[in-house]
Amino acid sequence: DAGVIQSPRHEVTEMGQEVTLRCKPISGHNSLFWYRQTMMRGLELLIYFNNNVPIDDSGMPEDRFSAKMPNASFSTLKIQPSEPRDSAVYFCASRDQGAGRNQPQHFGDGTRLSIL
Amino acid sequence: AQTVTQSQPEMSVQEAETVTLSCTYDTSESDYYLFWYKQPPSRQMILVIRQEAYKQQNATENRFSVNFQKAAKSFSLKISDSQLGDAAMYFCASTLLNAGNNRKLIWGLGTSLAVNP
């Protein structure tokens with residue numbers, strides 16, 4: 001089975017540019033999570049969706065960040081305008097909430113984002 | 001606020017030896033779940049083991065086992081017969097149930113494990 005697919009794997013861009021990160025969850029999973037990982041702050045939950053609906057976006061750092069899930073098989077995380085402090089690894093994870101409360105989150109390989 | 005604490009930023013173990021990584025958590029829930037994830041240098045996040053809080057029996061997955069002490073809110077990971085491939089960052093996580101009956105994970109900051117040949 002295909003796992004969570006994220007693209008791009010690496011992104012290097014200049015500050016002020018718009019950045020879009022993409023995620024395809026595992027087919028059949030109805031919960032999707034976006035995380036940011038840095039050395040200083042560890043793994044931070046930015047936002048998560050249940051059945052394509054945003055449930056908790058309290059981790060989104062500021063208005064420059066936005067996330068959408070237009071359908072069950074695709075989500076985007078957008079940063080506009082980007083800043084050097086946004087440099088991090090961004091992970092997407094999905095989970096089958098209906099399969100039981102002990103179901104783990106399955107992670108993609110992450111996008112390493114560098115803002116110059 | 002619910003927290004997960006991993007008090008050991010770094011650990012090391014000799015190949016073939018046993019190592020225990022500690023994790024404590026703070027929750028007011030009675031029904032929750034605990035996980036250990038491994039992140040090797042390839043940066044993938046890989047599930048190692050999970051534990052349901054209502055189960056008294058400690059979870060085991062091959063060389064990996066946990067010592068779950070519910071009253072003490074402790075969830076340590078034991079790696080037996082350590083292998084070079086076990087070198088990674090290990091994260092402990094606990095579920096948090098929100099008002100909408102949705103669960104998210106609360107994460108520790110991780111323990112970096114080195115395996116010495």
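Quick note on labels: first sequence line is chain A, next is B, and so on, each numbered from 1.
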B:Tyr33 side chain near B:Glu52 side chain, heavy-atom distance below 4.5 Å: yes
Closest approach of A:Leu43 to A:Gln37 (non-hydrogen atoms, all atoms of both residues): CD1-CB, 3.7 Å
Contact check, side chains of B:Cys23 and B:Trp36, non-hydrogen atoms, under 4.5 Å: yes
Heavy-atom proximity to chain B below 4.5 Å, by part of A:Gln6: neither
Whether B:Trp107 and A:Tyr35 hold their rings parallel, tilted or perpendicular, with breakpoints at 30° and 60°: perpendicular
Under 4.5 Å from any heavy atom of chain A - which part of B:Gln6: neither
Atom group of A:Arg41 that falls short of 4.5 Å from chain B, counting heavy atoms: backbone
Atom group of A:Gln105 that falls short of 4.5 Å from chain B, counting heavy atoms: both
Any B:Leu84 side-chain heavy atom under 4.5 Å of B:Glu15 side chain: yes
Heavy-atom closest contact (A:Phe107 atom, A:Val4 atom, distance): C-CB, 3.9 Å
Side chain / backbone / both / neither for B:Leu105 at chain A, heavy atoms under 4.5 Å: both
Greatest number of heavy atom pairs closer than 4.5 Å to chain A - which of B:Phe91, B:Phe35, B:Tyr32: B:Phe35
Closest non-hydrogen atom pair, A:Asn52 against A:Ala72: OD1-CA, 3.3 Å
B:Ser42, part contacting chain A, at a heavy-atom distance under 4.5 Å: backbone
Residue part contacting chain A, namely of B:Arg43, when any heavy atom lies under 4.5 Å: both
When B:Met89, B:Gln51, B:Met45 are compared by non-hydrogen pairs under 4.5 Å with chain A, the top option: B:Met45
